[in-house]
**Student:** 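Let me begin by handing over the structure; questions about it come next.
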Amino acid sequence: MMMTTLLVLTAIGCGLIAFAIAFAWRVRPAVVHDHASQRPRVVIIGGGFAGVYTARYLEKLAGDRVEIVLVSPRNHFVFHPMLPEVISGSIGIMDVVSPIRRMLPRTELHVRTVEGIDFAARTVQTSTGFHSHVHAIPFDHLVLAMGSVTDFRGLRGLPEHAFPFKDLGDALRLRNHVIRVLEEAAVEHHDPALRRRLLTFVVAGGGFSGVEVVAELNDFVRAVARHFRGIDPAELRVVLLHSQDRILPEMDSRLAEFAQRLLRKRGVEIRLDTRLAAATGQAAVLGDGTALLTQTLVSTVPSSPHPLIGALLLPRTPQGRIEVEATLAVPGMPGVWALGDCARVPAPGGGVAPPTAQHAIRQARTLAENIVATLDHRPTRPFAFRGLGKMGALGRHSAVAEVFGVRLSGFLAWFLWRTVYLMKLPGWGRRLKVAVAWTLDLILPPELVQLEAQGSTGIVREHFEPGQEVFEQGDVGDRVYVVLSGAAEVIRDGQRIAVLERGDYFGEMAVLGGAQRNATVCCTEAMDVLVLPRREFAMLSGSLPELRHSFETTAGERARSIGSR
Ligand SMILES: Cc1cc2nc3c(=O)[nH]c(=O)nc-3n(C[C@H](O)[C@H](O)[C@H](O)COP(=O)(O)OP(=O)(O)OC[C@H]3O[C@@H](n4cnc5c(N)ncnc54)[C@H](O)[C@@H]3O)c2cc1C
């Protein structure tokens, strides 16, 4: 308690200094980026640790000599190491994210998704989100920092029923779901099996993120259960599944055993040598076929490189990561670089650098230095960081840490974990807020509010007025449309080639072929359509082979008809 108070006082002092610095910084004029300028342009794809820190170091090292463009689907940077704490609410949702614009005042941010890269033309194609027009950004240097994704493909039932844990949205969804099932269980007195299912929480994956998630989840449900008169804490079951014979395989075995003992003491049931094979809406199905009844299954594995990488002609490992040289340059592709979780970076002394934020930040520095060296015609240098250590939080005032070869566990490791990550958070204001939140968390009961965040519903209806374009020739093929009423015409190279009416569908050619739109569709009579985004279309056509066949047949006929014109 005294230590935390000291930490808060230090943070307040530092916060005041930071306030003064921030004020002085604000009066400096922002650099206006001139697209017509002759400065070399560095385009960075990805707003995570690797991308944001590359831009940060480039701003420092290259100043106004380069134009920096960063493309990220979101305008914020997520501080992953503290994400598990969002489950328990021990820190606020807004405290694990930082606005990229404020972190990178000299970088031009495009809040868009990269759809493709044309290495020959040296351009990156982005889609705008509000419309499917392709936007091409030319580059002199390209930095690939797309990270990894949780990939449940091939795992039966996981895409439908398991919670991934990679992003802020995942953490929020899980927290809301956990509160929802507790609410449900509190009044479920008729069906004991359903009650047991609601009160069983399963996490698959005993690596760092799985262990941190299960520890937070366990602390949270046990702390809040006291506020539900209808739940006896003894009914709660929190299970960790791990496919190997001990959790935290990345750590020294004594620390992993400490973590196992502590979690078990706190009520987590650890099932070693147990693989998650499938999931249903009511159970986690284990490798031996046993069904573990649960309404809450979280899986932190498997993680795989970003799917965009699979569509690019780049040197790749069998697992799909981009092969890079020790300088982080992509071999045989001048001016193309890759780093972070999406790349296979050789570690100094052999092996591969682990996919951690700690390494991504150091790689970002090397990469920025190497871009500047290339511009100055100086030799580049290899990535030489060996890692400072590893730390894993175990919930309530406990952690394990291996720093500079020294092993720590329990409170001291936890205090080190909190101090290190507090100081790593971008911005003094945020550090201060988190320090205060942590202090209040020691004395106040956990927050129980369930936030109703309405997610995107996938398939939606849209309305078009006569003269309005649905999409334009050359746009990204990201949706399929079904005409519910009204009419439209299909125009290719200025000529009308077809008319679309009630019951017709269109847009399938570009979606099926992963290509750009080969014609423009323009509404001629007030029209209502059903819109199937690419993902939903893939799910539907993947499950109904006849439907897919019919779409493919129509797409083939339409392609032949266009070809014969
Ligand atoms: C729960 C959790 C806890 C963790 N704890 C720790 C820890 O304690 N210590 C540690 O060192 N590491 C930790 N890590 C690992 C660490 O977060 C990753 O190694 C790090 O985030 C990798 O950085 P990155 O930039 O390569 O990828 P990411 O941070 O994943 O960033 C990738 C970025 O690319 C963007 N992107 C993807 N596709 C596109 C596209 N098509 N167009 C444009 N942008 C795109 C994404 O939106 C994202 O912004 C943790 C990870 C998780 C999930």
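Only a predicted model underlies this, so the values are computations on that prediction, with no experimental measurement involved. When a ligand or atom number is given, it counts from 1 through the structure's own listing order.
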**Student:** For the residue pair Phe139 and Phe119, categorise the inter-ring angle as parallel (less than 30°), tilted (30 to 60°) or perpendicular (more than 60°).
**Tutor:** perpendicular
**Student:** Relative to the ring of Phe77, is the ring of Phe49 parallel (under 30°), tilted (30 to 60°) or perpendicular (over 60°)?
**Tutor:** perpendicular
**Student:** Check the pair Arg222, Asn218 against side-chain hydrogen bond (donor to acceptor under 3.5 Å, both in side chains), reporting the backbone distance first and the verdict last.
**Tutor:** CA-CA 6 Å; Arg222 292 187 190 283; Asn218 184 55; 2.7 Å; yes
**Student:** Who's the nearest protein heavy-atom neighbour of atom 27 (O) of ligand 1, and how far?
**Tutor:** Gly147 CA, 3.3 Å
**Student:** Just to be sure I read this right, does ligand 1 sit under 4.0 Å from the backbone of Pro355, its side chain, both, or neither, counting only heavy atoms?
**Tutor:** backbone
**Student:** Among Phe208, Tyr421, Phe49, Phe79, whose heavy atom sits nearest atom 9 (N) of ligand 1?
**Tutor:** Tyr421
**Student:** Number the atoms of ligand 1 from 1 as they appear, then name those within less than 4.0 Å of a heavy atom of Lys166, with their elements.
**Tutor:** 30 (O)
**Student:** Please list, in number order, the atoms of ligand 1 under 4.0 Å from a heavy atom of Val71.
**Tutor:** 43 (C), 44 (N)
**Student:** Enumerate the atoms of ligand 1 whose separation from the nearest heavy atom of Ala145 is less than 4.0 angstrom.
**Tutor:** 32 (C), 33 (C), 34 (O)
**Student:** So if I count the atoms of ligand 1 from 1 in the order they appear, which ones are less than 4.0 Å from some heavy atom of Gly340?
**Tutor:** 26 (O)
**Student:** Given Asp341, Val114, Asp167, identify the one with the heavy atom nearest to atom 41 (N) of ligand 1.
**Tutor:** Val114
**Student:** Applying side-chain hydrogen bond (donor to acceptor under 3.5 Å, both in side chains) to Arg271 and His242, what does each step give before you reach the verdict?
**Tutor:** CA-CA 6 Å; Arg271 297 186 120 183; His242 187 55; over 6 Å; no
**Student:** What residue and heavy atom of the protein are closest to atom 11 (O) of ligand 1, and at what distance?
**Tutor:** Ala357 N, 2.9 Å
**Student:** Can you tell which of Phe165, Tyr53, Phe77 gets a heavy atom nearest to atom 53 (C) of ligand 1?
**Tutor:** Phe165
**Student:** Note the single closest protein heavy atom to atom 25 (O) of ligand 1, along with its residue, its atom name and the distance in Å.
**Tutor:** Ala50 N, 2.8 Å
**Student:** With heavy atoms of Gln358 as the reference, note each atom of ligand 1 found under 4.0 Å away.
**Tutor:** 11 (O)
**Student:** What residue and heavy atom of the protein are closest to atom 50 (C) of ligand 1, and at what distance?
**Tutor:** His80 CB, 3.8 Å
**Student:** Pick, from Lys390, His359, Arg74, Gln363, the option with the minimum heavy-atom distance to atom 46 (C) of ligand 1.
**Tutor:** Arg74
**Student:** Could you tell me which atoms of ligand 1, counted from 1 in the order shown, lie closer than 4.0 angstrom to a heavy atom of Thr113?
**Tutor:** 41 (N), 42 (N)
